[in-house]
Amino acid sequence: MLSGLGSLAAILSWQPSPRSTWQNALHQFLSEAWPVLVLAGVALAGYEIFVHRRLLAEFTAIAGPRIVEALLPQQVLETFLRSIYGANDANRDVVVGVLGGEGLRPQGGDLTISTHTAVSFELRAVDYEQYHLTSSVTYSFKKNVTVNRFVIFATCNALLRDSISSGCRLPLFELWFIPDSSLFGTSVDDMLPSVLLDLDYIDQNGVRHLGASSRIPPQPVKFDRWADYLTFFREGTETNRRLKPRDHLSDLRIFDCDLSDIAEAENSVSSVERLKLTSTTLQRIDDGYCYWQPPYPCYVDRITIDVKELDLDSANSWEFRVVSFTFRSNTASARWLKADDLTDLEVRSWLLPGHGVALLWRAVNPS
């Protein structure tokens, strides 16, 4: 618009020399072009003032979600975290917490997310020093997990316990932690025969099967293959050095289960819709606690706890307290209770790796 007004001003104030051919030609051009230039300026100003912002907002609203949907979840989350916190290797811990370890796989893949999760604990005294902890966890996945293997990690090393969720890129796994290192080998050997897997799955022909179950003996993985299961055995990070499998022969064991061994007839497992794992571990009573943490994001409906058989003498020798580390939960027990007064924990919330629920107990002081 300014160019058009400038052309008009030049026409009105400037008289070309009669002898100058180029001045007369320019004056003639400006005389004929100024309305077009003014109209173009008005249109451009109107676009900038009235159209551009609205068009940009509409384009963002339409294209933004499509672009995000086309990216891998970890790419979106890592980019967002980097814009907020800056470039930091610890951002990966947040990505794992929200998406699970599967979310960091370079090739992407489906995320392992359980939208309905039920957990139960049963504590039964073996003698006055040891007890059996029977845990049963049922995962119902948002989207069928394309996998035919299930991996169990057992450790008594707290550093490994806290690193396995981020170091494992396998879709389905479970973590057993035995706090007492002197009991580690015995507890794991005692536990293996108790492993019961129950699953709903899709076979290689796309047929759905419900309630297939078996006590599959988990197969031990030799230490020279541990790097295939945990990334920190093959590479380090900015915050953690690469670990050597030989340094952890006494505090880590890995077991692999072929889920197709559960499949009916000649079928094989193509994807898993629901998985229930039941196992029994040997623990020390004087540890004073047990707990459960999700290996991947889980919406937990309820946690059932049965402690009545922890007391060999049935004399109410113990009192219990539930402590939850979650976004929110309906924990009514913020105080110590007797076994008969301990009720189920209605969680009804998302639990991410790093969250958990702990059961504490202590001897009752005689009054």
Side-chain angles (χ1 to χ4, degrees), residues 118-137 152-162 164 174-196 215 218 248 250-253 255 277-295 300 302-326 329 331-345 347 351 354-367:
V119 183
S120 69
F121 283 153
E122 182 182 358
L123 285 68
R124 291 176 285 105
V126 176
D127 51 36
Y128 290 101
E129 296 181 352
Q130 299 177 334
Y131 73 98
H132 273 139
L133 170 62
T134 299
S135 62
S136 180
V137 186
I152 298 173
F153 300 99
T155 184
C156 60
N157 184 310
L159 174 62
L160 292 179
R161 174 199 63 191
D162 297 335
I164 284 174
E174 192 73 15
L175 172 62
W176 292 336
F177 178 65
I178 295 90
D180 191 333
S181 59
S182 65
L183 196 63
F184 177 62
T186 304
S187 181
V188 173
D189 292 339
D190 182 68
M191 183 189 319
L192 292 176
S194 72
V195 174
L196 174 63
R215 292 194 181 276
H248 296 279
S250 63
D251 57 25
L252 175 66
R253 295 175 69 179
F255 302 92
L277 171 68
T278 303
S279 62
T280 300
T281 64
L282 185 65
Q283 307 273 9
R284 290 196 181 278
I285 293 177
D286 58 10
D287 286 339
Y289 75 97
C290 65
Y291 70 94
W292 178 78
Q293 286 183 303
V300 180
R302 173 181 299 179
I303 297 180
T304 303
I305 302 172
D306 184 353
V307 296
K308 295 177 182 178
E309 294 189 35
L310 186 63
D311 189 354
L312 281 176
D313 300 325
S314 301
N316 287 325
S317 304
W318 305 99
E319 53 186 4
F320 303 87
R321 182 178 179 181
V322 175
V323 179
S324 60
F325 304 93
T326 64
S329 64
T331 307
S333 173
R335 54 196 176 88
W336 293 94
L337 300 172
K338 296 295 180 62
D340 291 337
D341 299 325
L342 196 64
T343 59
D344 294 348
L345 178 64
V347 181
L351 269 69
H355 288 155
V357 175
L359 172 67
L360 313 180
W361 60 87
R362 66 183 183 184
V364 176
N365 294 323
S367 55

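Looking only at side-chain heavy atoms (C-beta outward), Leu359 and Leu342 come within less than 4.5 Å of each other. A heavy-atom distance below 4.5 Å is not found between the side chains of Trp361 and Val307. Under the 4.5 Å side-chain criterion, counting only non-hydrogen atoms from C-beta, Met191 is not in contact with Pro218. Here the side chains of Val364 and Lys338 are in contact, with some heavy-atom distance below 4.5 Å.
The ring pair (Phe, Tyr, Trp, His ring centres under 6.0 Å) search around His355 returns Phe327, not counting sequence neighbours. With sequence neighbours excluded, the residues satisfying salt bridge (Lys or Arg N to Asp or Glu O under 4.0 Å) with Asp189 are Arg253. Considering only residues two or more places apart in sequence or on other chains, Glu319 meets the side-chain hydrogen bond (donor to acceptor under 3.5 Å, both in side chains) condition with Arg362. Taking Asp306 as the reference, nothing meets the side-chain hydrogen bond (donor to acceptor under 3.5 Å, both in side chains) condition, with sequence neighbours excluded. For Leu360, the side chain to side chain contact (heavy atoms under 4.5 Å, CB included) partners two or more places apart in sequence, or in a different chain, are Tyr289, Val323, Trp336, Ala358. With sequence neighbours excluded, the residues that form a side chain to side chain contact (heavy atoms under 4.5 Å, CB included) with Ser135 are Phe121, Ser279. Glu174 pairs by the salt bridge (Lys or Arg N to Asp or Glu O under 4.0 Å) definition with nothing, not counting sequence neighbours. Residues satisfying the salt bridge (Lys or Arg N to Asp or Glu O under 4.0 Å) test with Arg215, not counting sequence neighbours, are none. In this structure, the side chain to side chain contact (heavy atoms under 4.5 Å, CB included) partners of Asp313, at least two apart in sequence or on a different chain, are Tyr128, Asp311, Ala315. Evaluation of the side-chain hydrogen bond (donor to acceptor under 3.5 Å, both in side chains) rule for Ser120 yields no partner, not counting sequence neighbours. The side-chain hydrogen bond (donor to acceptor under 3.5 Å, both in side chains) test applied to Asp162 returns no partner, not counting sequence neighbours.
Between Pro179 and Asp287, the shortest heavy-atom contact is CG-OD2, 4.0 Å. The two residues Gly356 and Thr326 come nearest to each other via the heavy atoms O-CG2, 4.0 Å. Nearest heavy atoms, Leu310 versus Trp318: O-NE1, 4.0 Å. The two atoms that bring Phe184 and Ser250 nearest to each other are CD2-O, 3.4 Å, heavy atoms only.
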Practice prompt. Could you give me the CA-CA distance, side-chain angles and deciding distance for Phe320 and Ile305, then say whether side chain to side chain contact (heavy atoms under 4.5 Å, CB included) is met?
Written response: CA-CA 11 Å; Phe320 303 87; Ile305 302 172; over 6 Å; no

Practice prompt. Check the pair Phe177 / Ile164 against side chain to side chain contact (heavy atoms under 4.5 Å, CB included), numbers first and verdict last.
Written response: CA-CA 11 Å; Phe177 178 65; Ile164 284 174; over 6 Å; no

Practice prompt. Go through the steps to decide whether Phe153 and Leu160 satisfy the test side chain to side chain contact (heavy atoms under 4.5 Å, CB included), and finish with yes or no.
Written response: CA-CA 10 Å; Phe153 300 99; Leu160 292 179; over 6 Å; no

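Considering Leu282, Asp190, Ile285, Asp286 as possible partners of Gln130, the one that fulfils the side-chain contact (heavy atoms from CB on, under 4.5 Å) test is Leu282.
Note that CH2 of Trp176 is 11.5 Å distant from CG of Leu133, once rounded to the nearest 0.5 Å. Here the straight-line distance linking atom OG1 of Thr155 with atom CG of Leu252 works out to 5.5 Å at 0.5 Å rounding.
Sorted by first and then second residue, the salt bridge (charged side-chain N to carboxylate O under 4.0 Å, His left out) pairs with a member in residues 123-136 read Glu122-Arg124; sequence neighbours excluded.
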